[in-house]
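Everything below concerns the one structure shown next.
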Amino acid sequence: MAKSLDEFAVAEPGAKAQRSRKVVDTIADLLERNGIDPDDIGGVQKVKLYQGYYKDNEGVAHTVDMTGISLSPSWENGPEWPVVQPGAPVVVRPQKITPAKRTDTLERAMTLPDIQMGYYADNNGKLHPSHDEAALDVALQLVRLIQPSIIVLHGDNADLPEMSRYRLTPKFARTTQATIDRLTRFGAQLRASAGPDCEIHWLEGNHEVRLSNYLLDNAVAAYGLKRGDAPASWPVLSIPYLCRLDDVNIKYVPGYPANEVWINDRLRVVHGSHVVSNGSTAHRYLANERSSIVYGHIHRREWAERTRQSFDGPRTILAMSPGCLARTTGEVPSTKGGVDLDGVPIKTVEDWQQGVAVFAFERGDGRFIPEQVPIIDGWTIYHGREIMAAVDVYGEPV
């Protein structure tokens with residue numbers, strides 16, 4: 001077993017202690033002469049002391065002490081920094097459900113936009129969320145109330161600022177594991193709230209793609225690696241694997257920006273790739289779409305409609321964004337955000353709004369009725385029922 005330099009220097013009685021001290025001094029001298037940083041040495045494998053001989057220019061023999069040392073590098077047993085691990089298994093017991101009373105026979109669908117799950121550290125090292133725990137709590141209460149048969153997460157559920165191509169302060173460093181852990185718990189909470197029969201889809205957004213791009217740019221050999229003898233499984237460094245989505249039967253839909261989920265033949269859900277100012281993103285979609293579309297990405301609530309002629313007569317199509325479930329006061333890194341001289345985000349006003357979307361719909365080429373449900377400071381009203389978050393924005397009980 002390898003010994004550290006400190007172990008070699010442990011005081012021992014008599015001549016043995018002197019020999020140990022001599023070995024340590026010899027090693028230190030060799031490292032210095034060869035330009036080797038002691039911090040790079042993990043341990044000493046073997047030390048051999050012996051004598052050699054040489055002759056000087058006059059042919060006189062001399063003895064010289066020789067030293068042979070085998071060292072192990074500090075990285076031999078793996079990296080010292082924390083490696084991202086899958087979130088711990090989560091068991092959330094189904095909660096008592098009191099669904100809203102209905103007089104119609106249509107199914108319900110919900111879309112939950114941009115959570116931007118993430119964290120940053122304050123000057124004391126405490127982590128604070130860039131997502132809004134109060135908004136998430138309201139969204140889960142709405143799921144229990146509405147009991148949809150389909151839920152679509154628009155994507156950008158993980159912010160992943162560490163893997164961004166934009167410059168960030170150290171306050172966002174080493175927060176990815178906390179994000180993975182929280183998303184794993186959220187997936188379990190969502191499944192428990194929706195019940196076992198609800199279809200839940202997680203669309204990949206541009207922020208989830210940061211993980212794949214980071215591997216391609218920095219560790220291409222790790223891209224696509226899977227568990228041994230499991231070729232059909234998710235790559236181990238992927239969102240669905242790390243967040244244990246298969247454990248809670250949430251279907252991950254990769255392929256941003258080409259990925260999509262259809263609620264029925266007339267209504268498509270995407271993450272989105274357009275961003276137009278002054279509330280015009282909806283009109284950008286309407287200029288190109290031939291079916292109704294619900295999109296995320298812009299973090300704003302928008303709604304626009306157009307009626308066009310079709311073979312079957314006039315048909316109205318919708319373009320709608322339900323907003324986001326992220327904090328809207330500067331904690332999410334953005335082009336308008338800022339930090340203080342310690343690198344901590346400062347409060348600001350983003351032109352973002354929180355909310356979710358609800359659809360009563362018929363299968364196939366059927367009708368649908370859209371609803372935007374705004375969430376304001378952890379509060380909303382849905383069909384006359386007031387819903388208040390049980391936690392604050394940080395997740396603390398209120």
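Just the heavy atoms: all of them, side chains too, but no hydrogens, waters or symmetry mates, feed the values below. These numbers were taken from a predicted model, which means no experiment stands behind them.
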Which distance, rounded to the nearest 0.5 Å, do you find between the OG1 of Thr348 and the CD of Glu331?
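Nearest 0.5 Å value for the OG1-CD distance: 9.5 Å.
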Ala194 and Ile151: which non-hydrogen atoms are nearest, and at how many Å?
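Taking Ala194 first and Ile151 second, the nearest heavy atoms are CB-CD1, 3.9 Å.
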With a sphere of 6.0 Å drawn around NZ of Lys347, does it hold more than 12 non-hydrogen atoms of other residues, nucleotides or ligands?
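Check passes, neighbour count above 12.
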Does [X] use its side chain to pair, donor to acceptor, with the backbone of [Y] at less than 3.5 Å?
X	Y	value
Arg244	Gly87	yes
Ser130	Gln116	yes
Ser292	Leu318	yes
Glu208	Asp156	yes
Glu362	Phe368	no
Asp122	Asn124	yes
Thr179	Ala158	no

N-O pairing of [X] and [Y] below 4.0 Å:
X	Y	answer
Arg315	Asp365	yes
Arg363	Glu107	yes
Arg308	Glu289	no

Please determine, by modelled atom types, if [X] and [Y] share a side-chain donor-acceptor pair under 3.5 angstrom.
X	Y	result
Glu204	Asn206	no
Glu162	Tyr214	no
Ser193	Arg144	yes
His154	Thr111	yes
Glu260	Trp262	yes

Under the ring-ring contact (aromatic ring centres under 6.0 Å, His included) rule, what do Tyr119 and His131 come out as? Steps first, then yes or no, please.
CA-CA 8 Å; Tyr119 295 88; His131 56 281; 5.3 Å; yes
Apart from Leu168 itself, what residues make up its hydrophobic cluster when side-chain heavy atoms of I, L, V, M, F, W and Y under 4.5 Å apart count as a link, directly or indirectly?
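Once heavy-atom contacts under 4.5 Å are chained together, Leu168 belongs with Tyr120, Phe172, Val344.
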